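Below is one structure, written out as structure tokens, with a few remarks after it.
Keep in mind that the numbers below use all heavy atoms, side chains included, and drop hydrogens, waters and symmetry copies. All chains are named by letter (A, B, ...) in the order of the sequence lines, taking the proteins before the strands, and each is independently numbered beginning at 1. Note that the structure is a prediction, hence the values are computed from the model and not measured.
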Number of protein chains: 2
Amino acid sequence: MAGAGAAGGAGGRAAGARYRRLATELREAIASGAYGAGGRLPSEEELAQQHGVSRGTVRQALAVLRANGLVTSRRGTRRVVLGTARTQSFFELLSFTRWARALGEVPGGRTIDISSGPANPLEAEQLGLEPGTQIHRVLRLRTLSRVPIMIERTIYPEHIGAVIAGLDPDAISHTEPLADQGVVFADAEHTVDLVYADDEDARLLGCDPGSPLMRERRRATDPAGTPLEWSDDRYLPGTVSFTVHNSAASTALSRRRG
Amino acid sequence: MAGAGAAGGAGGRAAGARYRRLATELREAIASGAYGAGGRLPSEEELAQQHGVSRGTVRQALAVLRANGLVTSRRGTRRVVLGTARTQSFFELLSFTRWARALGEVPGGRTIDISSGPANPLEAEQLGLEPGTQIHRVLRLRTLSRVPIMIERTIYPEHIGAVIAGLDPDAISHTEPLADQGVVFADAEHTVDLVYADDEDARLLGCDPGSPLMRERRRATDPAGTPLEWSDDRYLPGTVSFTVHNSAASTALSRRRG
DNA sequence: AAGTGGTCTAGACCACAGT
DNA sequence: CTGTGGTCTAGACCACTTA
């Protein structure tokens, strides 16, 4: 047992936790069709022996795949492969640039306006600060292969905004430099709804004022739960959709009025 | 240790797994402000002793709260309360009726059309069946406190549709009778985007043809991964929004083109 | 240096599916 | 009845945060 504990460190040295590497291996095996479409996975016991780990570690790995909707999980029968969908990393959801690259398209961005000043009550609440605290605001037009598809209004607390303000004005990605600076994004909450373009939206996106847009509001926090950014992104119709997988066991989705 | 195993059954007798009950207790404690807003939870060891369970069980319970975005989770420090948001059950996401009741509003529904016939290729794919297989189709207008807000087009495989077809035409809920019949919903995939009302949408919702609607397409499956229903729901603007919480550890959300 | 959560092991019994 | 996943326990060591 003691030796086992050591594996926690020894196994983790190479590339993160053992169960994460195992999850990646299994995901790749599934994607390669090793178990067939709709096929069955080996039992937990078999996987444990094959990979030289305990059943507990196998279960941790499988829990990841289940949360991603890749496999079923029920008592009595082996897990069944549901899909081979490539998993989108958490970071790809935060970074427009990373997302675009994963799509094989060329991300672009033009900074329309960048400023700093005291937070109004609404902004303060989004970032969990006291009204009047200094914040940074960025307004950018985002393009995919040169075509405008989204307008992004983001606010950052002082310490984050300082990094953003120091970037090349033509920098395509703002999120990546932050990560390089050691800023760790841990959680995010996304709310999707429908709004109508105001004059500024319309001018920048090249649509008519009052025309419908898909809005995604997002709040990202660090591991301590401290807000790192708050953003209001508006997409032209037909350019994007959002998909969520959920189950009785893990429900991260909710439907709200208005 | 053997006695411990017995707790798996003994503890579970009352109302499901021990860790689920513990998760519920903790959620209520948080909601009641027992730990304060932004306060810290007791350590895992303390919780284990207080509730007479092992640390592993405490961790399972906390994992549930974390997935719901209620608490943080990081090495070195105690968990911090992020919010007290009432958790929406998985079932509330599937059932318009349950959702409406939870909001304190009066759900209503008028069945516009119900029919059965062979699945076309598209429908067959949604339900994972062979084209030509018999399916059931239901078109319903949904209201909240008498006001129309959504138009719902759902298809069911034969064995499910048979139950639906046998219901009172004025039945408000279709999902609940299914649950009563022993149909178990285990997983769902929701895709949200923006579409324009066709003539039928417009006539039923009382909006203009071509006006924007928020669309949620949903596929629900049983524990074995077999599709139970596929639905295309279209909401009037301003009546609904969807919120997702995700983290680096569990990413069930994805953004897609078009 | 102490405290806390993250990871891993080993073993046990139970609930459920399938034969 | 047998196999498989679900739940729970007990114990260990590590990585990280905080004082």
Please output the side-chain donor-acceptor pairs of residues 118-132 of chain A that fall under 3.5 Å, not counting sequence neighbours, one pair per line with the distance.
| from | atom 1 | to | atom 2 | distance (Å) |
| --- | --- | --- | --- | --- |
| A/Asn120 | OD1 | A/Leu122 | N | 3.0 |
| A/Asn120 | OD1 | A/Glu123 | N | 2.7 |
| A/Asn120 | ND2 | A/Glu123 | OE1 | 3.4 |
| A/Glu123 | OE1 | A/Asn120 | N | 3.0 |
| A/Glu123 | OE1 | A/Arg137 | NH2 | 3.1 |
| A/Glu123 | OE2 | A/Arg137 | NE | 2.8 |

Side-chain donor-acceptor contact under 3.5 Å, A/His245 with A/Asn68: no

Of residues 219-226 of chain A, the positions that come close to DNA chain C - non-hydrogen atoms, cut-off under 4.0 Å: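 Under 4.0 Å from DNA chain C: no residue of residues 219-226 of chain A.
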
Global bending angle along the helix from C/dA1-D/dT18 to C/dG18-D/dC1, which compares the axes of five pairs at either end, to 10 degrees: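 Here the local axes at opposite ends form an angle of 20°.
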
Residues in side chain to side chain donor-acceptor pair (under 3.5 Å) contact with B/Arg217, at least two apart in sequence or another chain: B/Asp193

Separation of atom CZ in A/Arg18 from atom P in D/dC14, rounded to whole Å: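 Going from CZ in A/Arg18 over to P in D/dC14 covers 18 Å.
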
For atom CD of B/Gln49 and atom C1' of D/dT9, their distance in whole Å: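 So the CD-C1' distance, B/Gln49 to D/dT9, works out to 14 Å.
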
Reported OG1-to-CG distance for the pair B/Thr221 and B/Asp187, which is rounded to 0.5 angstrom: 4.5 Å

From CD1 (A/Ile30) to CG (A/Leu65), nearest 0.5 Å: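 One gets 5.0 Å once the value is rounded to the nearest 0.5 Å.
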
Stretch residues 53-72 of chain A: residues that reach within less than 4.0 Å of DNA chain D through a heavy atom: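 Residues of residues 53-72 of chain A that come under 4.0 Å of DNA chain D are, in numerical order, A/Arg55, A/Arg59.
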
Electrostatic pair A/Arg255:B/Glu92 at N-O distance under 4.0 angstrom: no

Could you list the protein-to-nucleotides 1-4 of chain C atom pairs, N/O on both sides, closer than 3.5 Å?
| from | atom 1 | to | atom 2 | distance (Å) |
| --- | --- | --- | --- | --- |
| C/dG3 | N2 | B/Gly76 | O | 3.2 |
| C/dT4 | OP1 | B/Arg78 | NE | 3.0 |
| C/dT4 | OP1 | B/Arg78 | NH2 | 2.4 |
| C/dT4 | O2 | B/Gly76 | N | 3.3 |

